[in-house]
Amino acid sequence: MELQSKYDPSSTEDKWYAYWLEHNFFHSEPDEREPYTIVIPPPNVTGILHMGHVLNNTINDVLIRKARMDGKNACWIPGTDHASIATESKVVAKLKAEGISKEDLTREEFLKHAWEWKEKHGGIILSQLRKLGASCDWDRTKFTMDPDLSQAVINTFVYFYEKGYIYQGVRMVNWDPVGLTAVSDEEVVHKDTASKFYHMRYFVSDGKGNPTDKYIVVATTRPETIMADAAVCINPADERYHWLKGKKVLIPLINKEIPIIEDSYVEMDFGTGCLKVTPAHDVNDYNIGLRHNLQVLDIIDDHGCLNEKAQILIGEDRFVARKKIAKMLEEAGNLEKTEDYTSPIGYSERTDAVIEPKLSKQWFLKMDVLAKAALESVESGRIRLIPEKYRNTYRHWMETAHDWCISRQLWWGQRIPAYYLPDGSFVVAPSPEAALQKAQEKCAGITMDQLHQDEDVLDTWFSSWLWPISVFDAEMPGHPDHKPNRDLSYYYPTNDLVTGPDIIFFWVARMVMAGDEFMKEEPFRNVYFTGIVRDKIGRKMSKTLGNSPDPLVLIEKYGADAVRLGMLLCSSAGNDILYDESQIEQGRNFCNKIWNAFRLVKGWAVDETLEQSESSAVAVDWFNNKLNSVVAVVNDHFSKFRISDALMAVYKFFWDDFCAWYLELVKPAYGSPIDAATYNATVGFFEQLLKMVHPIMPFISEELWHAVRDRKDGETIMFERFPQAGEVNEALLQAFEQACGVVAGVRNIRQQKGISPKDSLSLKVVGDYDQTLSPVIAKLANVSNIEHLTSIDDSEAGVSFMSGTLKVFVPLSGLVDESEEIKKLEAELTYLEGFLKSVRGKLSNEKFVAHAPEAVVAAERKKESDAMSKIESIKKSLEILKK
RNA sequence: GGGAGCAUAGCUCAGUUGGUUCAGAGCGUCUGCCUUACAAGCAGAGGGUCGGGGGUUCGACUCCCUCUGCUCCCACCA
């Protein structure tokens, strides 16, 4: 069968993925081997594959396939995250399109829709990962809202509640007065908005609630909130206002007396330097209020209208009230001036309503003890962050960790297991039945109907932080005294985690906390941070920009192997990667190169009677040593997570060493057969190369591994042992290197002089030269004979060049332009003399000789003598030329 | 405003305790080749005072300070 000159991934990739699945190669069960475990960063259950996933999962797959080939029991757990906010908003949008509003549904009805949506759209992303070649153990696929995983979450809540780590508290949330819901920080968009800066007079009180004639000016953009003011704040260092210390001022219009307080939060050079503190309606003011123990007075209702606590303008919308109150202030003589002012205002992403900061009751998990342990896990080096710079970020987070707000005003997720009694008190229990029992202990005779479960669900991260534990043993997290099951004991801790630095705190740190708490052992050893995938000009990939290619289209066009290689080419750990389709083309080209190397080898006819040629014998010996040295380098790169370096080492080894040098050396003349020894060695090398390629490009390596030799059904390259480094004959590698230099030199002369590769030349060499390499030079440079001499006959016309300390002379009659040669040699001479001078400068420096290590000084001496011999040689050539 | 990081060839990046000819790789560019494995290829070549300035050192791309420019995270200015 004639093989095409282009590799066609579409005809092989699906075939081999099906083959791997059919033989259950990805599945892992505990055994006596060392485990190697990765849990997938669970993508959103209703998400679809984007370039970020491709990068992350390619790296994961490279690591897992490498470990598998290193003989470990490799297990990669796939799964999805319920992603409460993202999924719920998708379902809400879908219902809205059908004319159904969430408010019209009961919780149960809504959840039914949500589950239907999940069943229909969920897990698409996992099937897309198969296209990429991801070798996940699909039998172990998990979902963060699987019944057992959900129960683990509930149990964890109960556990921490009973431990005293969970409490209810008040927190400022982003309230959407139109959507009538709290929205997350991520759903708030800040837009510069034109507004007014109102400068108001607050009169100083005489101590009995009456105004004196003294006043201060307070500037605000929100005069409608003055009724909720709890204080006026100045910077303690502000001398302009020292006279105010300890005094009280009166809120305009309502004449309420409030204190002057001091806090360095206030910027002296912003506004008037006096800040009205309104704890209920501004986050910063709330925090100041906490420090100074101020009263919190909430005067705005859920719809954004003033309530009765405002005393005036009750029922007015906040923006209407703002205009009216400005007028009232002016009439009362309290408005000094208004200025135009532009400031960033938060808007709801979904309803475009201006966000109102609002206090609400939330559940919190104390972070102090957990964060301390998690910090220690990294500081001690038990967890390695790659690259290391993220240790700083991590430490910073852990040292300033705020308590974790774990409640969300949503329905999609694990509902908080707190059950309220009619008297307003509550019990926390892992199930309604258990809750009832506890409630009855508090209040005899109470029935299930009288219990009311908290409406909120838990933050999605409150389930994902258990992921490395719960995917193996969902019993474990809630029951720290529970003995881990077989899977958890075997696979935990996992080895490597691959994720983005943006969730270092949300996810990574919290998994460490859960691991420390429940397992007394970190959940992973190494965390590899990938960068963000950006487009060619550095913009984030986004739907609206339309600069995000569909990975499936790319796979269709170039093949998964090419896409994988293209993504890895430019991805050093922790750096953003600038994606460009040309990288994937490079991946495709490499596949094609491998394919054509295979075509060449496959096409050879073997003649068992043929003797191995000298050049082939040298080639095989050399390549064997080269293989050993490259394998050592590649393994070293892998062990340090230098994945793109490992990849590049393999790439160059295949392309340059194997194809450009080795194959060219052993290639028989067209139509001639090859000897058996060389053929067998070559096929063996090719197999080793395929194994080195496999973790990065699984499909083409499996395809050719089967094509290069007859294999039985059930055989796979996946479980072949990754090549191990052996002894390296450094002298041989160096000698070969030198020979390559000579070959390149001769080719260069051919190019310059316009000599066809078909015309053979002869060479004379002077200097240290390993003659065993002569056949190599002869074959690759098309040289008929090489003479190793002590000096060059000065009567002959020709061109010479230096390769290391070796002088190579190519006799050429009639083709030499002597003046050009002289110019070239003189330029080289000038360079070498300068070089020699600087080396001698170093060596004559007593301090250098005294301080520098022996080896460095020796190296300099070698440079000196090498340079001297080169200069000598060039001078001789010049003499000859100038005759 | 607080914190972190980056700046090396046209582009994307290496440069691993400061010392081998250390100024590198890949891609791109240029030149010559349709040489029966591969033009998605082969053979060659050019290209950077390592952002500016200062310091430490026998020696600095590498360590310290400073300036400039950029990026990210957090808090967002009443």
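Note that the coordinates shown come from a computational prediction; the quantities given were computed from them, not determined experimentally.
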Report task. Give a yes/no on whether any side-chain N or O of A:N284 is located under 4.0 angstrom from OP1 or OP2 of B:A75. Result ->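 Looking at the OP1 and OP2 atoms of B:A75, neither is under 4.0 Å from any side-chain N or O of A:N284.
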
Query raised in the report: Does A:E833 CD have over 12 foreign heavy atoms under 6.0 Å away?
Result: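 Yes - once you tally the heavy atoms of other residues, nucleotides and ligands closer than 6.0 Å, there are more than 12.
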
Query raised in the report: Using atom C1' of each nucleotide, how far apart are B:G46 and B:C30 to the nearest Å?
Result: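 B:G46 and B:C30 have their C1' atoms separated by 7 Å.
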
Query raised in the report: How far does the C1' atom of B:C72 sit from the matching atom of B:U66, given to the nearest Å?
Result: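 These two C1' atoms come out 23 Å apart once rounded.
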
**Report entry** Per A:W397 side chain, nearest of listed nucleotides B:C74, B:G15, B:A40
**Finding:**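 The answer is B:C74, which lies nearest to the side chain.
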
Query raised in the report: Which listed nucleotide (B:C38, B:A78, B:C58) is nearest to the side chain of A:L275?
Result: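 It is B:A78.
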
Query - Lys/Arg N to Asp/Glu carboxylate O, A:E339 vs A:K196, below 4.0 Å - result: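 Result for this pair is no, no salt bridge flagged.
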
**Report entry** A:H396-A:Y394 aromatic ring centre distance below 6.0 Å
**Finding:**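 Between A:H396 and A:Y394, the centre distance exceeds or equals 6.0 Å.
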
Query - Validation row, ring centre A:Y662 to ring centre A:F685 under 6.0 Å - result: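 So the answer is yes for these two rings.
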
Report task. In whole angstrom, give the distance that lies between atom CZ of A:F641 and atom P of B:A14. Result ->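 Interatomic distance, CZ of A:F641 to P of B:A14: 17 Å.
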
Report task. Rounded off to whole Å, could you give me the OH-to-C1' distance for the A:Y679 and B:A37 pair? Result ->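 Taking atom C1' of B:A37 as the reference, OH of A:Y679 is at 14 Å.
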
Query raised in the report: Near RNA chain B, under 4.0 Å by heavy atom, which residues of residues 226-233 of chain A?
Result: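 Nucleic-acid contacts, sorted: none.
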
Report task. Would you give a per-nucleotide map of nucleotides 25-36 of chain B, 5' to 3', where B means the base has a protein non-hydrogen atom under 4.0 Å away, S means only the sugar-phosphate does, and - means neither? Result -> SSS---B----B

Query raised in the report: For RNA chain B, which consecutive runs of 3 or more Watson-Crick or G-U pairs (each distance under 3.5 Å) count as stems?
Result: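 If one scans RNA chain B for consecutive Watson-Crick or G-U pairs, the stems found are B:1-7 with B:68-74, B:10-13 with B:24-27, B:29-33 with B:41-45, B:51-55 with B:63-67.
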
Report task. Check whether the side chain of A:R588 and the base of B:A40 form a donor-acceptor pair under 3.5 Å. Result ->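 Per atom types, the contact qualifies.
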
